[in-house]
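To keep things clear, I will list the structure first and then write my remarks on it.
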Amino acid sequence: MAGVVIVSLALVTSVLSTPAHALFGIGGGPLIVYDPQNHAENILSAARALEQINNQVTSLQNEAQMLINQARNLESLPYSALQQLQQNVDETRQLLGEAQNIAFDVENIDQAFQQDYGELSLSATDQQLLTDARARWETTVGGLQDAMRVQAGAVGHIDSNRAEMAALVDESQDAVGALQATQAGNQLLALQSQQLSDLVAVMSANGRATALLEAERATAAEQGRIQRERFLAPGSGYRPGHARMFSE
């Protein structure tokens, strides 16, 4: 385009310096009158029109590129880690829901502590005390087992979380637009939330096991005090009597 304009301007300059003259046909009769100034103006008009067309083409190309970029920014991420993350969360919730004896429920905990870890009855028989102690021991062992199962579940999620994190990072780096990059970032945040949920579950299970162990120790100490008082309580005392060792 620049070359065409330069050549056109050169021609115009040359033509403007040439006076108008008539062109004669065969036989000497006048055919047309050549006006260099008018010819130059036509060339300038054509050059300006060509330049405007070129500017319009460039503008249309820029607008087309802008629309392409906007379309890329609106493209959704073709990868989703939501199903795997939900599966991991459901597995952890299931493990917490399978807690033995005393579940993760406020009302259930209050009732169990009033029944099994509350004030011991002084009138309870020794056999009843032993039975209750055995039940509390089983609850404590079950709590420790539950904690280990939740820990194992959280550890089992490490491999799947690592794979999802690697896939999401790759998708984020290969994102063609802002929407894909944003969605990849949101899924990475969801992955982090799922890992935090596992951490909270492990801490809760460990805290439950520790609380059950301490509650059992406190109740066992109270039971020991009751049994010691019974042992030291004054009885009928010693009464002397006759004993026959050999028959006469």
Side-chain angles (χ1 to χ4, degrees), residues 1-5 48-109 139 141-212:
M1 177 60 193
V4 172
V5 173
R48 293 190 186 98
L50 185 59
E51 184 179 5
Q52 291 178 355
I53 293 175
N54 184 67
N55 292 336
Q56 291 177 356
V57 171
T58 302
S59 177
L60 291 175
Q61 290 176 343
N62 293 334
E63 291 180 1
Q65 186 62 42
M66 181 180 64
L67 292 175
I68 292 174
N69 294 334
Q70 291 178 353
R72 289 178 176 175
N73 287 333
L74 295 177
E75 287 186 16
S76 298
L77 191 70
Y79 182 82
S80 176
L82 181 60
Q83 183 176 1
Q84 182 62 49
L85 297 181
Q86 288 181 336
Q87 180 179 347
N88 292 346
V89 173
D90 291 340
E91 290 176 355
T92 302
R93 291 182 59 186
Q94 181 178 357
L95 289 174
L96 294 176
E98 294 174 354
Q100 305 175 52
N101 299 317
I102 300 179
F104 288 92
D105 180 80
V106 176
E107 295 181 359
N108 184 284
I109 292 175
T139 300
V141 173
L144 295 172
Q145 183 181 3
D146 293 337
M148 295 183 66
R149 295 179 69 227
V150 174
Q151 293 170 10
V155 172
H157 294 160
I158 292 178
D159 289 337
S160 62
N161 289 340
R162 179 187 57 81
E164 294 297 340
M165 180 178 62
L168 289 173
V169 170
D170 290 340
E171 291 292 335
S172 176
Q173 293 177 344
D174 296 337
V176 297
L179 181 59
Q180 288 191 1
T182 301
Q183 290 178 339
N186 290 339
Q187 293 190 45
L188 285 171
L189 291 176
L191 173 61
Q192 184 180 12
S193 298
Q194 185 264 312
Q195 293 174 325
L196 290 176
S197 297
D198 278 353
L199 179 60
V200 171
V202 170
M203 294 178 62
S204 299
N206 290 342
R208 173 176 177 269
T210 301
L212 289 175

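Rounded to the nearest 0.5 angstrom, Asn54 CG and Leu50 CG are separated by 7.0 Å. Between atom OG1 of residue Thr92 and atom CD of residue Gln87 there is a gap of 10.5 Å, rounded to the nearest 0.5 Å. Summarising the geometry, atom CD belonging to Gln195 is positioned 7.0 Å from atom CD belonging to Gln192; distances are rounded to the nearest 0.5 Å. Rounding to the nearest 0.5 Å gives a distance of 10.0 Å between CE of Met148 and CG of Asn206. Of the inter-residue distances, the one linking Leu144 atom CG with Thr210 atom OG1 reads 7.5 Å to the nearest 0.5 angstrom.
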Without placing hydrogens or testing angles, list every side-chain donor-acceptor pair under 3.5 Å for residues 179-191, not counting sequence neighbours.
unit_1	atom_1	unit_2	atom_2	d
Gln180	OE1	Val176	N	3.2
Gln180	NE2	Ser76	O	3.2
Thr182	OG1	Ala178	O	2.8
Gln183	OE1	Leu77	N	2.5
Asn186	ND2	Thr182	O	3.4
Gln187	OE1	Ala81	N	2.7
Gln187	NE2	Tyr79	O	3.0

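Using a 4.5 Å heavy-atom cutoff, the side chains of Asn161 and Gln84 are not in contact.
Of all the heavy atoms in Phe104 and Ser204, the pair that sits closest is CE2-O, 3.9 Å. Minimum heavy-atom separation, Leu212 to Gly143: CD1-CA, 3.9 Å. Residues Asn108 and Asp105 approach most closely at N-OD2, 3.0 Å, considering heavy atoms.
By the side-chain contact (heavy atoms from CB on, under 4.5 Å) test, Val57 pairs with Ile53, Gln61, sequence neighbours left out. Residues passing the side chain to side chain donor-acceptor pair (under 3.5 Å) test with Gln94 are Glu98, sequence neighbours excluded. The side chain to side chain donor-acceptor pair (under 3.5 Å) check on Ser160 picks up Asn88, with sequence neighbours excluded. Checked against side-chain contact (heavy atoms from CB on, under 4.5 Å), Gln145 has the following partners two or more places apart in sequence or in another chain: Gln100, Arg149. Residues satisfying the side-chain contact (heavy atoms from CB on, under 4.5 Å) test with Ser197, not counting sequence neighbours, are none. Glu107 meets the side chain to side chain donor-acceptor pair (under 3.5 Å) test with no other residue; sequence neighbours excluded. Under the rule for a side-chain contact (heavy atoms from CB on, under 4.5 Å), the partners of Ile109 that lie at least two apart in sequence or sit in another chain are Ile102, Phe113.
Judged as a salt bridge (charged side-chain N to carboxylate O under 4.0 Å, His left out), not a single pair has a partner in residues 59-69 (not counting sequence neighbours). Residue pairs meeting the salt bridge (charged side-chain N to carboxylate O under 4.0 Å, His left out) criterion with at least one member in residues 198-208, sequence neighbours excluded: Asp146-Arg208. The stretch residues 165-177 participates, sequence neighbours left out, in no side chain to side chain donor-acceptor pair (under 3.5 Å) pair at all. Residue pairs meeting the salt bridge (charged side-chain N to carboxylate O under 4.0 Å, His left out) criterion with at least one member in residues 155-164, sequence neighbours excluded, do not occur.
Under the 3.5 Å distance criterion, with hydrogens and angles disregarded, a donor-acceptor pair is assigned to the side chains of Glu91 and His157.
Not one N or O on the side chain of Ser59 forms a donor-acceptor pair closer than 3.5 Å with the backbone of Asn55.
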